[in-house]
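Structure first, commentary second.
Order of listing sets the numbers, starting from 1, for every ligand and every atom in it. If you're wondering where the values come from, they're calculated on a predicted model, not measured in any experiment.
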Amino acid sequence: MAAATPTSYTDKIVKTDEVAEFSPEIIDEMNMHVAKYPLERKRSALIPLLMLVQRERGWIDNPGVNFLARFLDLEVTDVWETATFYSMFNLRPVGRHHIQICKTLSCRIMGEPDITEHVCSRLGIHPGETTADGKFTVSMVECLGSCGTAPMMQIGFDYHEDLTIDKNDKRRDHQRTL
Ligand code: FES
């Protein structure tokens, strides 16, 4: 399969004044999170609201960030500094299956480089890229807190641990059918 989007997390974020719009139901959901905190500390709801923006828009884009800055009375840079700190926030569109491979020490010494090379070569992409059919994105991330079962990766919200190349192939063949 041919490599697709030559984008990466280090690509420049396109700045725009556009502000995202959300349905009344989503606004209610956002307000529910904001209500968990004292009014003067409503910025504490930023992370769950970023998760909502990502769920609704597929990634954290500039209009979504502009919306959150207005909604929480923050500077746009306040929102970006949180969104860019956590690898769970996608700063560009990702494939239907987002494969996040841990590249930190425990995983690295337990075989991460072989796993990464194998996954990427089977998909025909490099880390940070998405397959042409939009199904798979591979990202390299910092420790996901599962060092005792290294090497590991996260696909969507699921952890896959004690990885071997054989285990990975079985999982991938299953996902091909989804
Ligand atoms: S080093 Fe990979 S999960 Fe911690």
Side-chain angles (χ1 to χ4, degrees), residues 1-13 33 36-37 43-61 64-65 68 77-178:
M1 181 173 300
T5 50
T7 54
S8 77
Y9 282 112
T10 57
D11 284 353
K12 274 194 176 163
I13 292 164
H33 287 294
K36 295 174 186 169
Y37 305 97
R43 70 178 296 158
S44 301
L46 180 54
I47 287 181
L49 265 53
L50 279 164
M51 292 298 286
L52 274 177
V53 168
Q54 181 161 282
R55 187 189 76 194
E56 295 302 309
R57 297 178 70 80
W59 57 300
I60 304 296
D61 61 354
V65 167
L68 289 180
T77 48
D78 294 331
V79 181
W80 276 123
E81 72 184 10
T82 298
T84 54
F85 183 79
Y86 297 101
S87 62
M88 64 188 176
F89 295 124
N90 304 320
L91 305 180
R92 59 183 169 80
V94 294
R96 197 160 92 223
H97 305 291
H98 188 193
I99 302 167
Q100 299 179 78
I101 304 175
C102 173
K103 62 176 181 178
T104 310
L105 186 61
S106 295
C107 287
R108 191 158 186 87
I109 61 179
M110 292 300 288
E112 170 275 310
D114 289 342
I115 296 286
T116 300
E117 187 186 334
H118 184 72
V119 169
C120 287
S121 87
R122 284 210 62 183
L123 292 174
I125 57 176
H126 297 102
E129 293 181 345
T130 300
T131 53
D133 60 7
K135 270 192 172 180
F136 296 91
T137 296
V138 175
S139 301
M140 305 305 298
V141 299
E142 301 296 343
C143 180
L144 290 168
S146 189
C147 322
T149 52
M152 61 83 65
M153 64 172 70
Q154 180 177 349
I155 304 179
F157 288 108
D158 297 327
Y159 275 19
H160 301 272
E161 301 159 297
D162 292 315
L163 288 174
T164 63
I165 286 173
D166 187 46
K167 273 171 88 174
N168 178 74
D169 282 351
K170 284 191 181 126
R171 175 177 39 261
R172 180 176 172 275
D173 289 342
H174 172 66
Q175 281 171 330
R176 278 283 183 215
T177 65
L178 297 178

| task | Taking only heavy atoms of Cys102 into account, list the atoms of ligand 1 that are under 4.0 Å away from them. | result | 1 (S), 2 (Fe), 3 (S)

| For Leu144, atoms of ligand 1 separated by under 4.0 Å from a heavy atom | 3 (S)

| request: Would you tell me whether Thr131 and Asp133 have side-chain atoms, one donor and one acceptor, within less than 3.5 Å of each other? | output: yes

| request: Please report the C-alpha distance between Glu142 and Lys103 in whole Å, then the side-chain angles of each, then the deciding distance to 0.1 Å, and finally whether the side chain to side chain contact (heavy atoms under 4.5 Å, CB included) criterion is met. | output: CA-CA 6 Å; Glu142 301 296 343; Lys103 62 176 181 178; 3.1 Å; yes

| Atom indices of ligand 1, in the order listed, that fall short of 4.0 Å to a heavy atom of Ser106 | 1 (S)

| query | Between Val141 and Gln154, is a side chain to side chain contact (heavy atoms under 4.5 Å, CB included) present by the stated rule, with each step listed? | reply | CA-CA 9 Å; Val141 299; Gln154 180 177 349; over 6 Å; no

| task | Report, in ascending order of atom number, the atoms of ligand 1 lying under 4.0 Å from any heavy atom of Thr104. | result | 1 (S)

| note | For Gly145, the ligand 1 atoms with a heavy-atom partner under 4.0 Å come out as 3 (S)

| request: Locate the shortest heavy-atom distance separating His98 from Asn90; write the atom from each residue and the value. | output: CE1-OD1, 3.1 Å

| note | Honestly, for Cys147 the part within reach of ligand 1 (heavy atoms, under 4.0 Å) is both

| remark: Heavy-atom closest pair (Tyr159 atom, Leu144 atom, distance to 0.1 Å) is OH-O, 2.6 Å

| message | Regarding Cys143, does it place an N, O or S atom less than 2.8 Å from atom 4 (Fe) of ligand 1? | response | yes

| field | Donor + acceptor pair across side chains of Ser121, Glu117 (<3.5 Å) | value | no

| remark: protein heavy-atom neighbour closest to atom 3 (S) of ligand 1 works out as Ser146 N, 3.3 Å

